[in-house]
Structure formats: structure tokens, C-alpha cells
Number of protein chains: 2
Amino acid sequence: MEKNSETIPDIIVKRLPVYFKHLKKLKKSTKEYISSYELAELTGFSSSLIRKDLSYFGNFGRKSYGYDIYCLFQELNIIMGFNYTKKLIIVGAGHLGQALIYNKGYQERGYELKAVFDKNPKLIGLYINEFEILNIEQMLKFVKKEEIDIAALTVPQGAAQKITNLLIEAGIKGIWDFTEVPLKVPEDVLLEEQHINEGLCKLSCKINQNIEE
Amino acid sequence: MEKNSETIPDIIVKRLPVYFKHLKKLKKSTKEYISSYELAELTGFSSSLIRKDLSYFGNFGRKSYGYDIYCLFQELNIIMGFNYTKKLIIVGAGHLGQALIYNKGYQERGYELKAVFDKNPKLIGLYINEFEILNIEQMLKFVKKEEIDIAALTVPQGAAQKITNLLIEAGIKGIWDFTEVPLKVPEDVLLEEQHINEGLCKLSCKINQNIEE
DNA sequence: TAGATTGTTAATCGATTAACAATC
DNA sequence: TAGATTGTTAATCGATTAACAATC
């Protein structure tokens with residue numbers, strides 16, 4: 001799985017969900033076109049940067065009108081691959097894992113939740129929002145057979161690297177990592193760290209500065 | 001609450017939790033010192049960048065030895081304000097909100113969970129992990145009286161801005177935002193967007209590129 | 001037509017890296 | 001002492017912004 005020669009720069013990828021979020025909201029209004037200046041207002045990015053970002057993917061704008069909201073939204077969906085089905089599993093059915101079962105964001109992004117795994121005998125067999133919690137022993141086989149793309153990792157810290165190795169062995173393409181552990185993965189496996197407590201770190205850091213001043 | 005003239009650049013703040021994560025792990029080993037070269041190996045940042053980041057806060061290193069792991073960890077705690085108590089509430093006791101009640105990351109970062117609020121009469125009065133879910137009508141008064149610093153926002157999309165306005169009115173210092181809504185907050189209120197589905201966006205985007213190639 | 005706004009180039013700004021003197 | 005590694009400066013790299021011709 002070599003990297004595409006035309007890989008979208010990370011710095012742009014980072015901003016795509018922001019455009020997506022705002023266009024999704026705008027799509028509900030009666031507004032048809034939006035200018036880079038208005039988008040700048042909403043996103044906090046400069047209009048220049050927005051035009052540059054979008055022009056990376058093609059000429060979506062219409063001079064003197066701006067960008068067609070509906071079309072741009074569709075384009076973003078294609079760019080981010082939301083029109084493509086990606087198979088997801090959740091590994092670890094603790095409190096966070098269970099909350100992820102109820103997450104409503106999968107469908108519009110092309111994700112299909114396929115299974116939930118845990119090691120705890122008290123959880124195995126339970127149904128949460130119509131998903132049966134499966135024994136983690138079945139995971140490797142399942143991922144291989146069903147060609148799962150992404151695993152949400154919500155296991156305890158001690159198990160994180162071991163389970164990760166298993167997922168890699170099974171041929172997982174990406175890990176959506178909620179553990180706090182510095183995981184090691186080979187280059188061809190995508191690792192998206194969703195360490196929620198980092199948000200608390202940043203907030204604490206900034207509050208602290210305000211106090212000191 | 002004016003910005004400090006010596007505000008830590010965001011680009012450094014972003015990397016502090018990464019150093020924290022690795023030092024926390026290293027602290028458990030018998031290793032006493034770590035060089036910027038070894039830290040580079042672990043974090044993926046260049047050794048040069050690490051030395052520059054750390055030197056921003058002082059001279060923590062010891063020439064020809066590296067950085068004392070324990071001391072550096074302590075320094076990071078002070079820099080990020082973890083030695084300071086910050087009062088937290090959770091607003092919205094749905095699946096995600098409840099999962100956040102069980103989050104183990106508060107204490108070591110100096111956070112104290114003070115209360116959980118919801119609007120749903122079926123949830124109000126329930127105890128989750130020894131926290132009673134309180135009526136959201138009491139929130140404004142509570143935040144004012146208890147001088148709450150941070151609110152974790154896990155309410156439905158439709159309620160997000162309204163509740164945010166209420167929190168601002170009550171004098172909240174920062175919002176840890178789990179909604180998917182583009183929230184508007186005044187400049188002096190910190191907004192940390194913890195939109196977990198953004199992780200799914202990035203993963204989808206990158207997987208899509210690998211496929212196309 | 002006049003005004004608005006894109007797409008793109010060149011200029012600027014800021015972040016990262018390379019290099020090395022200082023020194024333990 | 002010789003080797004290791006910091007802290008810092010200068011050089012480089014890359015990202016953002018300003019500006020503007022093109023054009024709807």
C-alpha cells in the first residue's frame with residue numbers, strides 16, 4: 001500500500017471536516033451560494049486559504065457568485081471518501097465503547113458498524129442497541145473474513161498494544177485509537193489518535209496562562 | 001481576561017500532551033534520563049524541535065545526560081497547570097456523557113468532576129458512578145455558585161448553542177465541546193472542540209487515497 | 001457596464017531543521 | 001580527556017496571506 005504520489009497534504013485534510021461541518025449546516029438554509037469571504041467568517045480561516053484549499057481539488061467556484069453550497073458539499077463527500085462503504089468494528093465494550101455504539105455519525109460518513117468485541121465474560125452476549133457483544137477471541141477471524149477497514153480501540157491501557165498487534169495481523173487498515181497509550185503500528189496502518197483527555201490538557205494549559213497573567 | 005503577553009504558542013501547546021503521555025510511561029521504567037534524540041524516536045518529532053520546545057520554558061536539560069525524566073514530568077505538570085484544581089461539570093447525560101463520568105483522566109490533570117446535568121426527566125435523579133444526574137434548570141445557579149471552570153458539552157445538536165449561551169452567562173471559562181455544531185462563543189471563553197467524528201473523517205479521507213492509487 | 005468573487009502567483013510570515021559552541 | 005548532549009543561532013522549508021488578472 002504505497003502512498004499516492006498526489007497525497008492530500010495533512011494540513012488540508014485537517015481542515016476538510018471543518019468545511020464539511022459548516023456546509024452541512026448551510027445546506028439546510030435557503031442560501032444557494034457561499035463566498036470564500038463568508039466561509040472565512042464561519043470557519044475562522046482566511047478567505048485566501050479557503051480558496052487555495054478548495055482549488056487543490058478543482059475549480060468548484062463560480063466567479064462573482066462563490067461556491068454552490070450543495071455541489072461543494074457533494075464534492076467534499078467524494079474527496080473524503082464518504083460515498084464509499086468502510087467497515088468498522090469496536091474493540092472494547094466498556095463505557096466509552098458502548099457510547100460509540102450509539103454514535104450517530106457513521107452513516108453520513110460511509111461507515112458501517114459491523115461488530116463489537118470484548119474480553120469480559122459478563123459483557124459477552126449482551127445486546128447494546130441491537131449489537132451483540134462478541135468474544136474478542138473471534139476478532140482476528142472476523143476481521144479477516146469480513147475485511148474490516150477500521151477498528152475503534154477502547155480497551156484498557158494494558159491491553160492496547162496486544163490487541164493492536166492482533167488487529168494488524170488481521171489486516172486492519174486503520175485504528176481509531178481512544179486509549180492513552182503510545183501505540184506502535186507499521187507505516188501502512190493508519191493511526192488516528194482520538195485521545196479525548198488531550199482536550200483537557202489544552203484547556204488546563206490555557207486556563208493556567210490566564211490565571212498567571 | 002486579557003491574553004498573557006507571554007502566551008505559549010498554540011503549536012507548542014499542541015505537543016505538550018504528547019510529551020506528557022510518553023514521560024508518564026517512561027516514569028514507570030528504571031530509566032532516569034532521556035535525551036532529545038530518544039524522545040524524538042518516541043514522539044516522531046525531531047530532536048531539534050523537542051529541545052526548542054522545552055527550552056521555551058526553561059533549561060531543564062543536563063548537558064551530556066539529557067533530561068531527568070521525573071523532573072521534566074513535574075515541570076510539564078506545572079506548565080500545563082495540572083497542579084491546579086479545575087472544576088468540571090458534564091452537561092448532557094446521554095451515552096457519551098455517561099461514559100465521561102467514568103473517565104479516569106481527570107485526577108492526574110487536576111480536574112474535579114463536580115456535577116452532571118440533563119434535561120430528560122427519566123435521567124434526572126439517577127446515580128451513575130456515584131454522581132446524581134441533576135436537572136439542567138439548576139445548572140446556571142450551580143456554575144455561578146460553585147465557580148465551575150469547564151463544562152463538557154454532550155447535549156443533542158439542537159440544544160448545543162442554547163446551553164452554551166447559558167454556560168457563558170454563568171461565567172464558564174472553557175467548554176469541552178463534543179457536539180458537532182459550529183458553536184459561537186465570545187473571545188474570552190475557551191472552546192476545545194472534541195468532535196470525535198473528525199477522526200473518522202480523516203481516516204476515511206486517507207483510506208480513500210490509498211484505494212484510488 | 002459596474003461590482004463581486006474566483007483561482008493563482010508572488011511576497012511574507014512563521015515553524016522546523018541543521019549546525020555548532022558550550023559544557024558536563 | 002573524549003564523547004555526549006544541551007541550548008541557541010542561522011538557514012531552510014513550507015504554509016499563509018496579499019494582490020490582482022480573469023471573468024461572470
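Here is how names work: the chains are called A, B, and so on, in the same order as the sequence lines, proteins then strands, and each is numbered from 1.
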**Student:** Do the side-chain N and O atoms of A:N165 and A:Q161 include a donor-acceptor pair separated by under 3.5 angstrom?
**Tutor:** yes
**Student:** In whole Å, what is the span from the OH atom of A:Y37 to the C1' atom of D:dA18?
**Tutor:** 10 Å
**Student:** Measuring to OP1 and OP2 of D:dT17, would you say a side-chain N or O of A:S46 lies under 4.0 angstrom away?
**Tutor:** yes
**Student:** Measure from CZ on B:R51 to C1' on D:dG7 and round the result to the nearest Å.
**Tutor:** 8 Å
**Student:** Which nucleotide wins on minimum distance to the side chain of B:I11, given the candidates C:dT16, D:dC24, D:dG7?
**Tutor:** C:dT16
**Student:** Searching all strands shown, indicate the nucleotide that pairs with C:dA11 (Watson-Crick or G-U wobble; both distances under 3.5 Å).
**Tutor:** D:dT16
**Student:** Would you indicate, yes or no, if D:dT16 has its OP1 or OP2 atom less than 4.0 angstrom from a side-chain nitrogen or oxygen of A:R15?
**Tutor:** yes
**Student:** Looking at D:dT5, D:dT16, D:dA22, which one has an atom nearest to any side-chain atom of A:K63?
**Tutor:** D:dA22
**Student:** Holding to ring pair (Phe, Tyr, Trp, His ring centres under 6.0 Å), I want the full list of residues that pass it with A:H95, two or more places apart in sequence or in another chain.
**Tutor:** B:Y102
**Student:** For A:K206 and B:D10, what are the C-alpha separation, side-chain angles and deciding distance, and is it a salt bridge (charged side-chain N to carboxylate O under 4.0 Å, His left out)?
**Tutor:** CA-CA 9 Å; A:K206 286 176 187 171; B:D10 258 18; 3.6 Å; yes
**Student:** Ignoring the backbone of A:L49, work out which of D:dT5, D:dC24, D:dT17 is nearest its side chain.
**Tutor:** D:dT17
**Student:** Across the strands shown, which category fits B:F60 at heavy-atom distances under 4.0 angstrom: base, sugar-phosphate, nothing?
**Tutor:** sugar-phosphate
**Student:** Let's go through A:Y106 and B:N197 carefully: what are the C-alpha distance in whole Å and the side-chain angles of both, what is the deciding distance for side chain to side chain donor-acceptor pair (under 3.5 Å) to 0.1 Å, and is it a yes or a no?
**Tutor:** CA-CA 8 Å; A:Y106 300 134; B:N197 287 318; over 6 Å; no
**Student:** Considering only D:dT9, C:dT5, D:dT16, which nucleotide approaches the side chain of B:K52 most closely?
**Tutor:** D:dT9
**Student:** Sort out the partner of C:dC24 for me: Watson-Crick or G-U wobble, both distances under 3.5 Å, none otherwise.
**Tutor:** D:dG3
**Student:** Tell me: CZ of A:R62 to C1' of D:dC24, nearest whole Å?
**Tutor:** 7 Å
**Student:** Without decimals, in angstroms, what is the distance between B:L54 CG and D:dT8 P?
**Tutor:** 12 Å
**Student:** Using atom CG of A:D53 as one end and atom C1' of C:dT8 as the other, report the distance to the nearest whole Å.
**Tutor:** 14 Å
**Student:** Have B:S36 and B:R51 got a donor and an acceptor in their side chains that come within less than 3.5 Å?
**Tutor:** yes
**Student:** Over how many whole Å does the gap from A:F57 atom CZ to C:dG7 atom C1' extend?
**Tutor:** 15 Å
**Student:** To the nearest angstrom, how far is B:L72 atom CG from D:dT5 atom C1'?
**Tutor:** 15 Å
**Student:** Which of these nucleotides, C:dA19, C:dA22, D:dT17, is closest to any side-chain atom of B:S48?
**Tutor:** C:dA19
**Student:** What's the CD1-P distance between A:I34 and C:dA4, to the nearest Å?
**Tutor:** 17 Å
**Student:** Could you tell me whether the phosphate oxygens of C:dG7, OP1 or OP2, come under 4.0 Å of any side-chain nitrogen or oxygen in A:Y67?
**Tutor:** yes
**Student:** Quick check on D:dT5: is either OP1 or OP2 less than 4.0 Å from any side-chain nitrogen or oxygen of B:S36?
**Tutor:** no
**Student:** Which donor-acceptor pairs under 3.5 Å do the side chains of residues 72-82 of chain A make with protein atoms, sequence neighbours left out?
**Tutor:**
from  : atom 1 : to    : atom 2 : distance (Å)
A:Q74 : NE2    : A:Y70 : OH     : 3.4
A:N77 : ND2    : A:F73 : O      : 2.8

**Student:** Using the side-chain heavy atoms of B:N59, tell me which of these nucleotides is nearest: D:dT16, D:dT8, C:dC24.
**Tutor:** D:dT8
